[in-house]
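Numbers restart at 1 for each chain; the letters A, B, ... are given by sequence-line order, proteins then strands. Note that the structure is predicted; figures quoted are calculated from it, not measured.
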Protein chains: 2
Amino acid sequence: MLKEKTKIFKALSDPNRLRIIKMLQTKKLCVCEITEVLQLATSTVSKHLSILRDNGFIVEEKDGKWINYYINPTPFDERVSSILGSLDFWISDDSVTNKDKTSLINIDRKIICCK
Amino acid sequence: MLKEKTKIFKALSDPNRLRIIKMLQTKKLCVCEITEVLQLATSTVSKHLSILRDNGFIVEEKDGKWINYYINPTPFDERVSSILGSLDFWISDDSVTNKDKTSLINIDRKIICCK
DNA sequence: TTATCATTTCGTTATATGGCGAAACATAAT
DNA sequence: ATTATGTTTCGCCATATAACGAAATGATAA
């Protein structure tokens, strides 16, 4: 159906989801680390991640008590592959995404997440 | 701003706008011809066209008492160029878009638009 | 100039989306 | 087993979006 084809564009239609994808370009991240950078509620971030996952942009794996999210290395949808393969073309770096990436350097999962 | 980068994805997030783009792949069309195929209100189609135009996907030119819309041959945003240059990759043909295109063959602007 | 007609804009309505906190889940640590 | 903790789900609210018809606009035809 045609509505199905709009889904990957919808997934890319939210600034916070673009920030998440760009962050995951750097390294694998758990929900609470992303929450810390975006300054959103955990439930909101979780929802964003599920949308990105459902559209094949990211995948998850367990890591102790955390769940690591990372860029899908083998997307089913070739349009997703194409975007992820040239991510800086589709979502160019800017002050926000750059700041996000530097924020990540100073974040220690073990300190941040235990609140 | 990052929100700006989401705009072209938002523009592609509506099934009717995808149908319009695919129709314009065939030939230049006026508002009422598109209205006839999509079976939507004229005002609705006009709004969709303005969104596609504002994001550089299509351009317009006068043709008598009509306004012809067509695929932008020289988009400013290189992401738009990339999508329009491989349109069948990003929006593959299906039963709906194929039917739309055949519908267009039998539509005579001079008959349809004068109601 | 006046009438006609394609198109756009405006106001309204229904649905979709993104945000939150609380509660439910799932699993690791004690 | 029980507690603690990371994550998800649920219910709610505010805003965004897409739809319509009516009115406004603008340009062509009479």
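- No continuous path of hydrophobic side-chain contacts links Leu84(A) to Val59(A) [ILVMFWY only; heavy atoms under 4.5 Å].
- Using cut-offs of 30° and 60° on the angle between ring planes, the pair Phe9(B) and Phe9(A) is parallel.
- Looking at Ile91(B) and Lys22(B), their side chains come closer than 4.5 Å, going by heavy atoms from C-beta outward.
- Of the residues in residues 52-61 of chain A, none lies under 4.0 Å from DNA chain C by heavy-atom distance.
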Completion exercise
In 5'-to-3' order, the base (B), backbone-only (S) or no-contact (-) status of each nucleotide in nucleotides 15-25 of chain D, using a 4.0 angstrom heavy-atom cut-off, is --SSSBBB---
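- Rounded to whole Å, atom P of dA28(C) lies 14 Å from atom CZ of Arg109(A).
- Considering only residues two or more places apart in sequence or on other chains, Lys5(B) meets the side chain to side chain donor-acceptor pair (under 3.5 Å) condition with Asp94(A).
- Look at CD1 on Ile34(A): it is 14 Å from P on dG19(C), rounded to the nearest Å.
- Residues Val31(B) and Ile67(B) fail the side-chain proximity criterion, which asks for heavy atoms closer than 4.5 Å.
- Distance, Leu29(B) CG to dA6(C) C1': 15 Å, rounded to whole Å.
- Ion pair Asp63(A)/Arg109(A) flagged as a salt bridge, since at least one NZ, NE, NH1 or NH2 atom sits closer than 4.0 Å to an Asp/Glu carboxylate oxygen.
- Scanning both residues, Ser13(B) and Ser13(A), for their nearest heavy atoms gives OG-OG, 3.1 Å.
- Contacts of Glu61(B) classified as side chain to side chain donor-acceptor pair (under 3.5 Å), with partners at least two apart in sequence or in another chain: Lys28(B).
- Ser103(B) approaches Val37(B) most closely through the heavy-atom pair CB-CG2, 4.4 Å.
- The side-chain contact (heavy atoms from CB on, under 4.5 Å) search around Asp77(A) returns Ile8(A), Arg79(A), Val80(A), not counting sequence neighbours.
- Counting to the nearest Å, the P atom of dT7(D) and the CG atom of Leu49(A) are 9 Å from each other.
- One can place CD1 of Ile67(B) at 17 Å from P of dC5(C), the figure rounded to the nearest angstrom.
- At the phosphate of dA6(C), neither OP1 nor OP2 sits under 4.0 Å from any side-chain N or O atom of Tyr69(B).
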Could you write out each protein N or O paired with an N or O of nucleotides 27-30 of chain D at a distance under 3.5 Å?
residue : atom : partner  : partner atom : Å
dA27(D) : O3'  : Lys62(B) : NZ           : 3.4

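- dT17(C) atom P lies 16 Å from atom CZ of Phe9(A), rounded to whole Å.
- Residues Thr42(A) and Thr35(A) come closest through the heavy atom pair CA-OG1, 3.8 Å.
- dG19(C) atom P lies 9 Å from atom CG of Leu38(A), rounded to whole Å.
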